[in-house]
Every structure is written in structure tokens, then in C-alpha cells.
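Side chains are part of it too, since the values below use all heavy atoms of this structure and drop only hydrogens, waters and symmetry mates. Computed from a predicted structure; not experimentally measured.
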Amino acid sequence: MSNTRSKQIILVSAVLLLVVFLFTRDIKGLVKPKEDTTAAPAAGQMQAEAAEINLDEVSTVGKNLVGSAVAKEISTLENEFKTSNGSKKISLAASLAKKWDAVDQPVPSALYLEMVAQQEKTLNSWLASGEKLMKAFDNSRDSTLLQPLLQKANASYSAAVALDSTNLDAKTGLGITIVNGMGMPMQGIAMLMDVVKKDPKNLKANMSLGIFAIKSGQFDKAIARFNDIIAIKPSPDAYFYLATSYESLGKNKEAIDAYLQSKKLAGNLTLSKFIDRKVAELQEKI
């Protein structure tokens, strides 16, 4: 009973640490703590309807996080966008998406790409919209945005699959949105497994399957999955997930080795400090 309880505690801690890592690995310098997301629905529990995201509000937040010169350029483009129509409006939306993306603000970037996709209705535009919406979902520090972003990503990938049911990028994206809460998780897992069957080296599908294995406590499966990913393309996040899986099984030496590989590849000060503390803790258990 005690052993089971310990594993549960480790699992919860592992998931939280993974979230911290994912939200910090692409950000230069110090990272502000992520806001509380305990109100966010668990996998498979997203509601059918979600509140719309107010573009003006997320734009205002974004402008406060970028330089005044860039903010002024964006405001000029936005004012032109609001008064234009037709192909000009689509072109401006695409420009705004690129402008926001260039300053690492995925939420407004994703919303503009979604507008482009809704007008163009092409496979590539839906894929671009879905990918950026999932990036916004993964990086959002506002728990109120998670559900609508995930639903929008699901809608974009669903539209892409409707255009080409054989496209693996579309199926992977759709599967990931389902696993994250847009349906029964096993439905998404089956979709991702089908992608991996057709493309064993598909990193995105394999990564999502590995993460789900951790969340469901299947650490042996997670270890096998992340070792496969590392064999294809070593990355700091793959090693970090691998380390967490080893730690959850009490394989502390293996966990230390994987953590150190993650630190080496990431070159992230915040992550390095965390790993140094983690390694010191694990070494005491050996």
C-alpha cells in the first residue's frame, strides 16, 4: 500500500515537473511561474462548448510583453485589418500571425492563422492553424484559454482530416487533441498508434504516446517509447521524460544519467538548476 502511494505521489510530481519543463524550455532567460491551472478539465473531460477567446484582449496582453516599437507595428496592422475585407483581410491576418509568432506570442498568432484557414479551407492552412493552436495550448499561462484553444485545434485538425484522411500530420494533431481532452483518450491513442504503425519514426506521435504512458502510470511503456525517440532524434525533453519515468520506478542511477543528458542538450539555466538539485537528491538514494 505504501509503495503504491509513493508511486502515485511520484507520478503527480512527475507530471507537474514535466509541465514546468515544457513551459520553460523554449523561453530565454528567467520564466515567470505558470498560473494555477487546477480548474482545467482533465483528459477526456473537456466540455462541448467553450467561451470564445477575445482577440483584442489577448492582443493587449501580448503587446504588454513585447517592445513598444513592435507593439506599435502590430497596432497599425490590426487597425488596417479591422477596416479591410476580402483577400486583403486574409493577407493581413497572415502577416499578423507571422508578426506575433516572431515575438513568441502564440495565442494571437494562432487566432489569426485560424482566420486564414477558415477562409482558405486548404489542407496546409488547417494544419498550420492546428499546429499553432496546439502550441498556444501548450504554452498558455492562462487556464481560461486552455479549453477554447484545444477545441479550436481539434476543429482545425478535424477539418484537415476531412480533406485528407491519410495525412499523418492531420491524424497526429487530431489524436493529440483527443488525448488532451477532446474525447475518449483511448480513441486518440488508437489514432496515434495507427500513425506510428505507418510511420515508426514520427516524433510527435511517439512523444504524445510516451507522455500519455507516464500520465497513466505505465512507466515501463514510457521508457521504451522515449528510448525509441532518443534513438531517432535525441532531445532534452525526451531525456527529461525518460528520466522521470526511471525515477518513478525507483531506477535512480538510470534517472540521473537521463537527467544529465537532458541538461546537456537543453542548455537552459532554469532547467539546469532544477536538474542539479534533482540529481543531488537521487544520488543520496543510491
Close side-chain approach of L265 to S235, heavy-atom, < 4.5 Å: no

Non-hydrogen side-chain atoms of K278 and E281 separated by less than 4.5 Å: yes

Shortest non-hydrogen contact between A160 and L127, atoms and distance: CB-CD2, 4.0 Å

Check: K121 and W126 side chains under 4.5 Å, non-hydrogen atoms: yes

Salt-bridge present (D276, K263; N to O < 4.0 Å): yes

Joint cluster assignment, L113 & I53, ILVMFWY side-chain distance < 4.5 Å: no

Side chain S165, main chain V161, donor-acceptor under 3.5 Å: no

Transitive ILVMFWY side-chain link I223 to I232, under 4.5 Å: yes

Evaluation steps, side-chain contact (heavy atoms from CB on, under 4.5 Å), between I286 and I256: CA-CA 10 Å; I286 297 177; I256 289 172; 3.5 Å; yes

Distance (rounded to the nearest 0.5 Å) between F81 CZ and L92 CG: 7.5 Å

Shared hydrophobic cluster for V103 and L111 (ILVMFWY, side-chain gaps under 4.5 Å): yes

I178 to G188 - nearest heavy-atom pair and separation: CG2-N, 3.4 Å

Worked check of side-chain contact (heavy atoms from CB on, under 4.5 Å) between L55 and M115: CA-CA 11 Å; L55 180 55; M115 292 181 193; 3.4 Å; yes

Hphob cluster co-occupancy, M184 + V195, side-chain heavy atoms under 4.5 angstrom: no

Student check: side-chain heavy atoms of E78 and K63 closer than 4.5 Å: yes

Spacing of L168 atom CG and K204 atom NZ [to the nearest 0.5 Å]: 12.0 Å

Residues that K82 engages under salt bridge (Lys or Arg N to Asp or Glu O under 4.0 Å), provided they are two or more places apart: D56

Any side-chain heavy-atom pair of M182 and Y157 under 4.5 Å: no

Heavy atoms from other residues, nucleotides or ligands near CD of Q105 exceed 12 (cutoff 6.0 Å): yes

Inter-residue atom distance E131.CD - T172.OG1, 0.5 Å rounding: 11.0 Å

Heavy-atom pair of closest approach, residues K132 and D101: NZ-OD1, 2.6 Å

CD-NZ distance between Q118 and K152, expressed to the nearest 0.5 angstrom: 6.5 Å

Spacing of M207 atom CE and D228 atom CG [to the nearest 0.5 Å]: 11.5 Å

Nearest non-hydrogen partners of A93 and Y112, listed with the distance: O-CB, 3.4 Å

Heavy-atom closest pair, residues A255 and L282: CB-CD1, 3.9 Å

Minimum heavy-atom distance between K99 and L77, given as atom pair plus value: CE-CD1, 4.3 Å

Sub-6.0 Å ring centroid separation between Y259 and Y239: no

Sub-4.5 Å side-chain heavy-atom contact between S59 and W100: yes

Any donor-acceptor pair under 3.5 Å from S129 side chain to S125 backbone: no

Side-chain H-bond candidate by donor/acceptor type, N124 with T122, under 3.5 Å: no

Heavy atoms from other residues, nucleotides or ligands near NZ of K89 exceed 12 (cutoff 6.0 Å): yes

T83 side chain vs N79 backbone, donor-acceptor pair below 3.5 Å: yes

Exam field: side chain N206 to backbone P200, donor-acceptor pair closer than 3.5 Å: yes

Min side-chain heavy-atom separation Y246-D257 under 4.5 Å: no

side-chain contact (heavy atoms from CB on, under 4.5 Å) evaluation trace for S158 with L174: CA-CA 6 Å; S158 294; L174 183 58; 3.4 Å; yes

Residue pair P108 / L96, side-chain heavy-atom distance below 4.5 Å: no

Atom pair CG/OG of L133 and S140 - distance to nearest 0.5 Å: 11.5 Å

T166 and D164: CA distance, side-chain angles, deciding distance, side-chain hydrogen bond (donor to acceptor under 3.5 Å, both in side chains) verdict: CA-CA 5 Å; T166 66; D164 184 357; 2.6 Å; yes

Backbone N/O of S87 and side chain of S91: donor-acceptor pair under 3.5 Å: no

Audit row: D142, E57, side-chain contact (heavy atoms from CB on, under 4.5 Å) steps and yes/no: CA-CA 12 Å; D142 184 347; E57 289 180 2; over 6 Å; no

